[in-house]
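Have a look at the structure below, then the notes.
We use all heavy atoms of the structure for the numbers below, so side chains are in, but hydrogens, waters and symmetry mates are not.
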Amino acid sequence: MKAGIVVFPGTNRERDMAQAFRVVSGKTPQMLWHQQDNVDGFDLIVLPGGFSFGDYLRSGAMAAHSPIMKAVRRFAEKGGYVLGVCNGFQILTEAQMLPGALLRNAGMRFLSQDCHLKVEGRDSIFTSGWTHGDVFRAPMAHGDGNYTAAPEVLDRLEGEGRVAFRYCTAEGHMKDSDEHVNMNGSARSIAGVLSENRRVCGLMPHPENLTEEILSGTDGLPLFTGIMEALG
Amino acid sequence: MTAAHVDIELARSFGLKDDEYETVLTIMGRTPSLTELGIFSVMWSEHCSYKSSRLHLKTLPTKAPWVIHGPGENAGVIDIGEGLAAVFKMESHNHPSFIEPYQGAATGVGGILRDVFTMGARPIANLNALRFGDPSHKDTKRVVDGVVRGIGGYGNCMGVPTVGGEVNFHHSYNCNPLVNAMTVGLARQDRIFLSAAAGVGNPVVYVGSKTGRDGIHGATMSSAEFDSESSSKRPTVQVGDPFTEKLLLEACLELMATDAVISIQDMGAAGLTSSAVEMASKGGVGIDLDLDHVPQREANMQAYEMMLSESQERMLMVLRPDRTEEARRIFEKWELDFAIVGRLTDSGRITVRHNGKVEADIPLGPLADEAPIYDRPTMEYERQPALVPPADPCGIEKGLLRLLASANGASRAWIWNQYDSGVGGQTVQRPGGADAAIVRVEGTDRGLAMTTDCTPRYGQADPYVGGAQAVLEVWRNLTATGAKPLAMTDNLNFASPENPRIMTQFVEAVRGIGDAGRALDFPVVSGNVSLYNETRGDDGSVTAIQPAPVIGGVGVLEDVRKAVGLAMPQDGELLLVGETWGELGQSMWLKEILGREEGAPPAVDFAAERRNGDFVREQIQGGAVLACHDVSDGGLIVALAEMAMAGNVGCVLDVAPAALPEHIYWFAEDQARYVLATRQADAVMKAAQEAGVPVRRLGRAGGDVLELGDVMAVPVQHLRRQHASFFPRFMGKEEDAPVVHLDEIS
């Protein structure tokens with residue numbers, strides 16, 4: 001598998017992401033500068049977390065218009081795999097490569113703590129490292145993670161099995177209106193979604209930060225092992 | 001601005017004393033220009049010149065075989081093995097943080113980050129020591145909210161994890177909060193960059209943000225007390241832009257990987273003035289600046305404004321002339337300004353030109369050498385007499401619950417949950433998981449442990465003990481993770497040095513820090529002094545802060561996997577290392593339960609501290625210890641409750657030994673103590689006896705209740721709810737606080 005990690009000005013979790021891939025594959029993905037205009041030859045493009053362009057406009061809005069995003073869109077249209085985490089998820093929605101939008105957290109404060117996620121997506125390399133219904137822990141670190149979309153869009157996502165992950169309790173219960181479970185107030189507790197062809201995935205929390213026992217646990221590893229098994 | 005008339009009145013309004021202005025006249029041999037007066041006033045401000053503190057700071061221990069650069073550089077540098085260095089410093093941003101809490105705190109973080117990456121280090125962790133006013137004071141909530149958002153806003157965007165720190169509340173900080181920010185960075189030992197300029201004719205290059213009119217005279221403001229007019233000083237507070245700083249960080253590190261940089265200095269307090277003067281003075285060269293080339297954010301800026309602006313996110317560098325274009329390309333890639341604003345000369349002077357006119361021309365030697373230095377008067381300090389131990393009015397259980405729910409004893413999770421503590425992907429112990437934060441050194445098995453500590457109420461009662469105890473607690477907190485403490489940075493926050501009582505606090509605290517540092521081989525490698533932390537009321541009365549000689553420490557773990565946290569394990573015996581004499585003076589219990597801040601603080605014993613700490617570290621390194629927590633605020637029972645809450649596991653404790661009343665035993669704040677959880681209690685006890693270390697059995701870990709004979713039995717869940725209740729309630733949430741999942745954090 002050849003993976004590339006896009007670096008925008010203000011991206012700051014590219015090293016974390018590279019380390020997670022290194023843990024499962026022994027190989028370090030290539031860093032791609034935002035002004036690059038093609039991403040040919042890659043199997044997977046990752047948009048990591050951070051504050052692209054300071055997120056001074058809307059989170060991800062400026063990055064969505066970077067030269068490289070035209071290339072990433074073409075890549076995805078040809079069936080390429082794209083993963084966006086945190087700011088990467090925000091960029092994918094701003095680029096309209098995934099439906100919905102990420103609003104300011106319901107409590108209007110930055111949230112940096114562990115949450116639990118339930119694996120719901122089907123037929124995707126981004127969820128295949130888990131069994132459907134599994135619950136895992138992941139750190140969240142964002143100010144704008146409140147997922148929203150029109151009700152019919154949400155219905156469709158659910159109907160097509162395109163809700164990849166949802167916030168839940170450690171026991172796997174969803175509580176949409178409980179700020180200690182669905183901390184950022186996301187619609188229907190949605191933490192991650194898939195594109196129609198299930199090859200583009202965005203999620204807010206950071207599985208890449210839980211990939212080694214010494215770094216508070218390995219709950220995030222299946223994301224990467226699933227990708228590795230699928231793409232070799 | 002029309003050209004102001006320079007005279008002694010203007011000099012006074014710039015913060016210069018009359019005799020200091022006389023010295024300026026002598027050095028210049030004429031009346032200085034406005035720009036020159038501005039340069040003298042900021043360079044000779046307390047903030048830049050350390051004129052009241054320098055004599056005393058010289059007495060601190062600063063050397064050890066592992067110290068690469070001690071005080072005098074942008075940050076301290078120590079050897080952490082494998083050719084790597086830790087670069088760290090702590091710095092205050094107190095005055096701005098009261099006037100404009102968000103920006104004051106944010107730019108405090110930005111400033112200390114620059115100090116560290118100026119030296120070629122990638123910042124890998126931030127910590128913050130915060131002191132706020134009484135929660136009931138009208139400003140406290142506003143200041144807490146702004147400071148926390150500001151720290152998070154800057155650090156989170158930079159992608160530097162905020163991993164630790166401390167928070168106190170006390171009415172002496174009502175109008176003068178303390179915001180002390182510490183950054184730890186990582187560099188290769190052969191890639192450390194210093195500020196001394198070299199090479200006559202070499203270009204002086206300005207990079208980063210454009211210069212605006214913000215922060216003019218910020219350094220002078222931080223050297224003055226507060227009064228009711230302070231809010232009118234809002235324009236002197238700088239505005240931070242963490243995105244630009246992130247670009248500046250990446251651009252500087254990219255440039256530093258080449259050999260283009262001869263020297264580099266960030267523009268912090270006193271901006272272009274202080275960076276240019278320091279680089280040239282340290283290098284023994286002159287410097288010519290042409291302000292026409294300075295990137296400007298606003299039109300028609302005067303030389304005076306440009307030289308004194310404290311606009312953020314700027315750096316000054318001396319580059320090799322043949323590499324200038326390569327450097328320019330790197331900064332253009334990161335979309336940052338890059339301008340050659342001057343040259344080094346052999347004149348020994350700083351010459352500033354603007355619009356073809358010389359606006360300042362000052363000999364650098366006298367500007368540095370004849371800077372004022374004061375040996376300010378001190379006095380006999382009335383130390384508090386030993387406390388006559390009071391009776392217990394409420395029992396252990398109630399006392400414990402009240403301490404845990406108090407502003408000073410409550411969980412800080414509400415704060416740290418707004419700071420990204422995991423970015424960078426190396427955080428081994430997040431806030432609350434261990435006595436010190438632990439960050440792995442990328443690409444190695446090593447870890448750095450780091451913490452900040454200070455107990456101002458001890459220092460108020462006895463400044464010497466206050467200084468020494470802060471060092472001991474830092475050293476103990478590093479030790480309690482298994483790390484070997486290497487060095488410290490100090491951030492000395494005091495009121496006016498012109499008051500002999502305050503000056504005595506300062507001198508005694510420095511003496512305490514020095515003695516403790518020498519006793520523990522724990523040198524000071526960097527630091528910052530913040531004076532005039534006091535408020536003048538409308539009636540003329542002055543409120544001084546409780547002195548806060550805050551210490552930040554760094555230790556190393558050769559194998560980070562051997563580190564331990566503080567979470568109570570499911571099973572194991574609990575041991576207390578260290579002697580309990582029953583020190584209740586200045587204790588948290590005395591203040592929170594009886595409302596008294598009285599008595600002598602707990603005694604410090606350097607020999608016992610070192611012996612007990614070395615023993616504990618050895619046991620952790622030997623693998624005998626499951627969890628370890630030092631005993632500090634609130635005493636032994638609070639330490640045990642904190643372990644229980646962190647692990648979500650209870651324990652069964654034996655009652656106090658007969659020699660001490662129950663409440664004195666459990667709430668006393670005797671120093672040099674640790675609680676260990678172990679499955680090898682007999683072996684640890686035997687080793688302790690052989691090492692001459694006092695140790696006793698406390699009880700067993702396990703269950704979900706904190707149980708103490710027939711004295712108390714509290715479910716851990718209840719403790720956690722109490723502990724988590726203060727901040728959400730204080731900061732505006734009516735409902736009960738969330739139970740924080742500490743067990744998942746550790």
Side-chain angles (χ1 to χ4, degrees), chain A residues 7-20 22-23 33-35 48-56 62 86-87 105 107-116 137-143 169-170 178-181 183 205-206 208-217 219-220, chain B residues 122 145 148-149 152-153 155-162 241-247 249-251 333-336 413-414 416-431 433 438-440 442-443 445 447 560-561 563 731 733 735 737-746:
Chain A
V7 179
F8 301 96
T11 293
N12 66 25
R13 259 187 168 87
E14 74 276 22
R15 298 152 70 87
D16 310 39
M17 191 59 80
Q19 176 170 278
R22 209 156 44 229
V23 166
W33 188 235
H34 70 117
Q35 278 171 341
F51 288 72
S52 54
F53 297 92
D55 283 345
Y56 288 152
M62 297 277 288
C86 199
N87 196 220
N105 293 342
M108 303 304 279
R109 288 185 187 277
F110 192 92
L111 283 167
S112 170
Q113 58 193 106
D114 283 353
C115 61
H116 285 91
R137 187 168 57 91
M140 50 160 67
H142 57 249
T169 64
D178 184 336
E179 61 172 350
H180 312 316
V181 181
M183 286 183 261
H206 293 282
E208 74 273 22
N209 282 131
L210 283 188
T211 52
E212 289 177 70
E213 211 43 72
I214 187 75
L215 304 175
S216 306
D219 274 54
Chain B
R122 177 174 285 281
D145 186 62
V148 170
R149 285 182 191 272
N156 296 345
C157 182
M158 283 294 290
V160 177
T162 301
D241 174 2
F243 171 58
T244 299
E245 177 123 321
K246 169 71 172 160
L247 304 184
L249 162 70
E250 298 301 338
K333 171 186 158 193
W334 290 97
E335 298 176 28
L336 292 166
W414 182 90
W416 75 56
N417 284 347
Q418 298 180 54
Y419 302 155
D420 190 343
S421 55
V423 63
Q426 307 298 336
T427 307
V428 174
Q429 284 290 357
R430 301 189 222 167
I438 298 175
V439 177
R440 185 173 65 181
E442 193 175 350
D445 289 329
V560 73
R561 289 163 298 196
M731 295 307 293
K733 285 267 182 95
E735 59 179 302
V739 173
V740 180
H741 299 280
L742 279 171
D743 51 327
E744 292 146 10
I745 284 173
S746 58

With a 4.5 angstrom heavy-atom cut-off, which part of [X] approaches chain A: side chain, backbone, both or neither?
X        : answer
B/Gln426 : both
B/Val160 : neither
B/Thr427 : backbone

Does a side-chain N-to-carboxylate-O contact under 4.0 Å join A/Glu212 and B/Arg440?
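Judged by the 4.0 Å cut-off on N to carboxylate O distance, A/Glu212 and B/Arg440 do form a salt bridge.
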Between [X] and [Y] (side chain of the first, backbone of the second, donor and acceptor by atom type, cut-off under 3.5 Å), is there such a pair?
X        : Y        : value
A/Asp16  : B/Gly424 : yes
A/Gln19  : B/Gly425 : yes
A/Ser112 : B/Gln418 : no

Nearest-0.5 Å distance, [atom1] of residue [X] to [atom2] of residue [Y]:
X        : Y        : atom1 : atom2 : value
B/Leu249 : A/Asn12  : CG    : CG    : 10.5 Å
B/Trp414 : A/Arg109 : CH2   : CZ    : 3.5 Å
A/Tyr56  : B/Asp241 : OH    : CG    : 3.5 Å
B/Arg430 : A/Asp114 : CZ    : CG    : 4.0 Å
A/Phe53  : B/Lys246 : CZ    : NZ    : 13.5 Å
B/Asp420 : A/His142 : CG    : NE2   : 11.0 Å

Given a strict heavy-atom distance threshold of 4.5 Å, which part of A/Thr211 is in contact with chain B: side chain, backbone, both, or neither?
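Nothing of A/Thr211, per the 4.5 Å heavy-atom cut-off to chain B.
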Atom group of A/Gln35 that falls short of 4.5 Å from chain B, counting heavy atoms:
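Just its side chain gets close to chain B.
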Would you say A/Leu215 and B/Val428 make side-chain contact, with heavy atoms under 4.5 Å?
yes
Contacts of type side chain to side chain donor-acceptor pair (under 3.5 Å), residue B/Glu442, not counting sequence neighbours:
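A/Arg15.
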Of the non-hydrogen atoms in A/Phe51 and B/Asn156, which two are nearest, and what is the gap between them?
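Smallest heavy-atom distance, with atoms named: CE1-O, 3.3 Å.
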Hey, what's the ring geometry for A/Trp33 with B/Trp334, parallel, tilted or perpendicular (30° and 60° as the breaks)?
perpendicular
